[in-house]
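Worksheet: one structure, shown below.
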There are 2 protein chains.
Amino acid sequence: MRGEFARPATLADVANRAGVSAATVSRVLNRSTLVARGTRERVEKAIHELQYVVNGHARALAAAASEVIGVVVGDMSDPFFAHIVAGVQDQTFLAGQLALVCSTGSDPMREIGQLEHLRRLRADGVILVGGSVRDAGHQRELTRLLGGFHNRGARIVLCGRPPIPDLPGACAITFDNTGGTLRLMEHLKALGHTRIGYVTGPPLRSTSTERLHGYQIAAPGHDPSLIEQGTFTRESGWAASRKLLLRNDITAIVAANDLMAAGALAAVRSAGLSVPESISVAGFDDIEFCQDTHPPLTTVRLPLREAGAMAGRIACGLDAAPPSGVIRLGADLVVRATTSRVKA
Amino acid sequence: MRGEFARPATLADVANRAGVSAATVSRVLNRSTLVARGTRERVEKAIHELQYVVNGHARALAAAASEVIGVVVGDMSDPFFAHIVAGVQDQTFLAGQLALVCSTGSDPMREIGQLEHLRRLRADGVILVGGSVRDAGHQRELTRLLGGFHNRGARIVLCGRPPIPDLPGACAITFDNTGGTLRLMEHLKALGHTRIGYVTGPPLRSTSTERLHGYQIAAPGHDPSLIEQGTFTRESGWAASRKLLLRNDITAIVAANDLMAAGALAAVRSAGLSVPESISVAGFDDIEFCQDTHPPLTTVRLPLREAGAMAGRIACGLDAAPPSGVIRLGADLVVRATTSRVKA
DNA sequence: CTGAAAGCGCTTACAG
DNA sequence: CTGAAAGCGCTTACAG
């Protein structure tokens with residue numbers, strides 16, 4: 001450990017040792033073909049001997065490219081985001097890029113700040129994960145910022161959120177939130193349910209409103225008092241379900257995601273009722289644990305990891321975005337044991 | 001959109017507009033106090049008008065500091081990692097740093113490559129999350145690489161893995177894996193269990209061996225055939241449990257994490273047995289969903305998010321590491337409904 | 001196929 | 001309190 005790391009070797013050191021110019025070393029590094037075989041080998045030997053590692057900042061500064069892909073998520077402890085990010089990382093790894101994962105702590109307004117961070121680092125690609133916020137000022141600011149990325153040649157991908165009309169450069173990967181919820185509702189209606197409570201996600205988010213929309217289209221009666229507000233956490237699903245259970249007319253509770261559905265399951269049980277005998281329950285996303293809840297949860301499956309992988313490939317430039325700029329992903333009904341025919 | 005983003009404003013642009021030198025702008029940016037009030041205000045005005053955003057790479061290159069914290073994890077889709085990362089991000093956000101999350105895709109050998117990436121970007125701090133691999137060559141390489149970070153003044157934190165003796169600069173945040181498993185085993189023994197199957201994690205990882213060690217200390221009989229190999233996934237827990245159930249003498253299955261315990265639950269049920277009447281089951285970690293399994297899972301609680309937060313604070317320089325260099329975190333037994341007294 | 005030179009956008013002593 | 005100048009470690013036309 002004799003201070004051999006005190007100053008990392010630089011490209012100039014490598015050039016010296018190999019007896020070539022810095023430009024030549026740079027060419028070897030960047031796999032330019034315009035280097036003679038023998039020269040290349042001498043340089044590679046020097047790189048190896050010096051344990052040379054290119055300085056990413058210097059490279060980014062000189063080349064105006066950073067090998068960094070920015071990923072903006074809500075909260076890593078939510079499996080929805082965790083699975084998408086896992087998919088992104090599978091691909092950034094293959095592409096030799098680095099995923100810079102920024103979290104907004106579930107406050108979408110913080111997207112702006114995180115994007116500024118990413119702009120500072122001149123990210124080559126940016127992936128915005130999860131629902132967008134319906135707020136004119138925020139949208140305008142977001143569009144402006146993303147426009148800045150786009151103008152510098154950065155690829156921008158929206159994953160799990162709708163396209164931004166003013167931003168033709170961006171690719172959007174969307175989930176069929178409305179259709180999935182609709183199919184789930186049809187399933188319940190076919191089982192005889194007519195009074196179905198709904199636990200929605202936080203207001204003004206595209207994920208929430210799209211899913212809620214599916215409910216409203218299918219909801220028998222359109223009674224707004226059947227809708228309770230949640231925040232996509234288990235805890236909030238529990239609280240919202242408690243309120244819903246205060247009324248005695250509902251036969252089913254649908255939550256806008258699985259985490260809240262888990263809370264609903266617990267709330268139903270704590271009210272002394274059983275699932276699905278007294279109340280049917282369903283979620284959305286189909287995270288792995290839905291197989292293990294009591295009873296196993298009926299839900300709607302989203303291809304989260306695949307969506308993340310697609311976003312990653314496009315952001316890294318491995319795949320091109322489709323001409324339309326939009327990739328629509330399905331949302332399949334998964335019937336398990338928390339939903340059953342309503343008793344006469 | 002008239003190409004107003006074509007070239008982002010530079011520090012020189014700001015200096016021009018404010019009628020000062022670049023050095024002065026830099027001082028304002030870095031909150032140096034040695035700037036006259038009026039000058040500062042003029043510069044801030046120019047920054048605002050130009051929508052100037054500092055170039056992180058130029059800054060990192062000039063100042064040899066990067067405002068980037070590297071986090072190396074196994075797999076983001078595993079809640080163990082997701083929760084720790086969420087805790088890290090809470091703190092990097094507060095510190096105004098950026099968390100660069102690298103995944104090894106559950107192959108710890110890939111740690112080396114990811115660390116080289118981080119070295120390239122001159123990360124100010126590095127957090128290695130999760131178990132280490134018992135492989136002499138790998139350990140040597142790791143120590144060398146981390147030594148390089150340390151010599152450049154980067155803070156290094158091991159989160160959920162044992163300290164590295166040859167690396168005095170590093171801080172280690174450890175979980176009481178052995179003690180937690182031991183307490184879980186004592187709980188089962190007190191319920192009358194004497195033949196307890198164990199589903200271990202992947203071999204040679206500290207997390208696996210520490211937890212297995214707790215089992216071995218407490219295991220009545222030390223019969224090695226009671227131990228089956230898993231990989232920390234639900235699927236592997238299912239397969240290992242199936243094997244364990246082939247023998248008819250066991251009355252309980254303990255898995256090295258909750259994901260595998262969920263698989264065990266499913267395996268027991270698919271064998272036509274019930275939990276806990278026929279077989280008791282327990283896990284490790286206490287991820288949120290343990291409350292919702294069928295029945296709710298007895299497990300050992302690890303303070304994952306808190307551990308991540310501590311790691312984040314130290315890596316960002318918000319908190320100092322303790323003099324000993326080691327922070328030991330508890331692991332509390334959480335008894336739910338998957339464990340019960342063995343029938344006479 | 002290779003090199004000399006300028007430049008990327010900052011920070012930091014050094015003067016004043 | 002402020003500025004001129006050098007330097008951080010690369011890449012990229014431009015010549016040859």
Any A:Thr39 side-chain nitrogen or oxygen under 4.0 Å from OP1 or OP2 of C:dT2: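 The answer is yes; a side-chain N or O of A:Thr39 sits under 4.0 Å from OP1 or OP2.
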Check this one for me: any side-chain N or O of A:Asn30 less than 4.0 Å away from OP1 or OP2 of D:dT11?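 Looking at the OP1 and OP2 atoms of D:dT11, one of them is under 4.0 Å from a side-chain N or O of A:Asn30.
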Which nucleotide in [options] has an atom nearest any side-chain atom of [X]:
X	options	answer
A:Ala58	D:dT11, D:dC10, C:dC10	D:dC10
B:Ser21	C:dG9, D:dG3, C:dG7	D:dG3
A:Arg27	D:dG3, D:dC14, C:dG9	D:dC14
A:Ala36	C:dT2, D:dC10, D:dT12	C:dT2
A:Ser26	C:dT2, D:dT11, C:dC10	D:dT11
A:Thr24	C:dT2, D:dC10, C:dG9	C:dT2
B:Tyr52	C:dT2, C:dG3, C:dC10	C:dC10

Spacing of [X] atom [atom1] relative to [N] atom [atom2], expressed in whole Å:
X	N	atom1	atom2	value
B:His57	D:dC10	NE2	C1'	12 Å
A:Arg119	C:dC10	CZ	P	12 Å
B:Leu50	C:dG9	CG	P	13 Å
B:Asn55	D:dC8	CG	P	18 Å
A:Leu11	C:dG7	CG	P	19 Å
B:Ile47	C:dC10	CD1	P	10 Å
B:Glu67	C:dC10	CD	C1'	13 Å
B:Arg40	D:dT2	CZ	C1'	13 Å

Do A:Arg205 and A:Ser132 pair up side chain to side chain, a donor and an acceptor below 3.5 Å, judged on atom types alone?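 No, no side-chain donor-acceptor pair sits under 3.5 Å.
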Checking B:Arg144 against A:Gln51: is there a side-chain donor and acceptor pair closer than 3.5 Å?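 B:Arg144 and A:Gln51 do have a side-chain donor-acceptor pair below 3.5 Å.
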When you match A:Arg59 and B:Arg37 each to their closest nucleotide on DNA chain D, which lands nearer the 5' end?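 Checking each residue's closest nucleotide, the 5'-ward one belongs to B:Arg37.
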Quick one: on DNA chain D, does B:Ala63 or B:Ala23 contact a more 5' nucleotide (nearest heavy atom)?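 By nearest-heavy-atom nucleotide position, the 5'-most residue is B:Ala23.
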Nearest 0.5 angstrom please: B:Ile327 CD1 to B:Asp319 CG, how far?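 It is 8.0 Å, given to the nearest 0.5 Å.
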Once you apply a heavy-atom cut-off of 4.0 Å, does A:Val54 come out as touching a base, just sugar-phosphate, or nothing?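 A:Val54: backbone/sugar contact only, no base atoms under 4.0 Å.
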Taking a pair as Watson-Crick or G-U wobble with both distances under 3.5 Å, which nucleotide is matched to C:dC14?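 D:dG3 is the nucleotide pairing with C:dC14.
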Short side-chain to backbone donor-acceptor contact, A:Gln91 and A:Ala311, under 3.5 Å: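 Looks like no, no N/O pair under 3.5 Å.
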Which heavy atom in A:Gly169 sits nearest to a heavy atom in A:His150, and how many Å separate them?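 Reported closest heavy-atom pair: CA-NE2, 3.3 Å.
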List the atom of A:Gln97, the atom of A:Val68, and the distance in Å for their closest heavy-atom pair.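 Nearest pair, atom of A:Gln97 first, then A:Val68: NE2-N, 4.4 Å.
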Starting from the 5' end of DNA chain C, give me the residue, A:Val20 or B:Ala12, whose nearest nucleotide shows up first.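 Counting from the 5' end, the first nearest nucleotide belongs to A:Val20.
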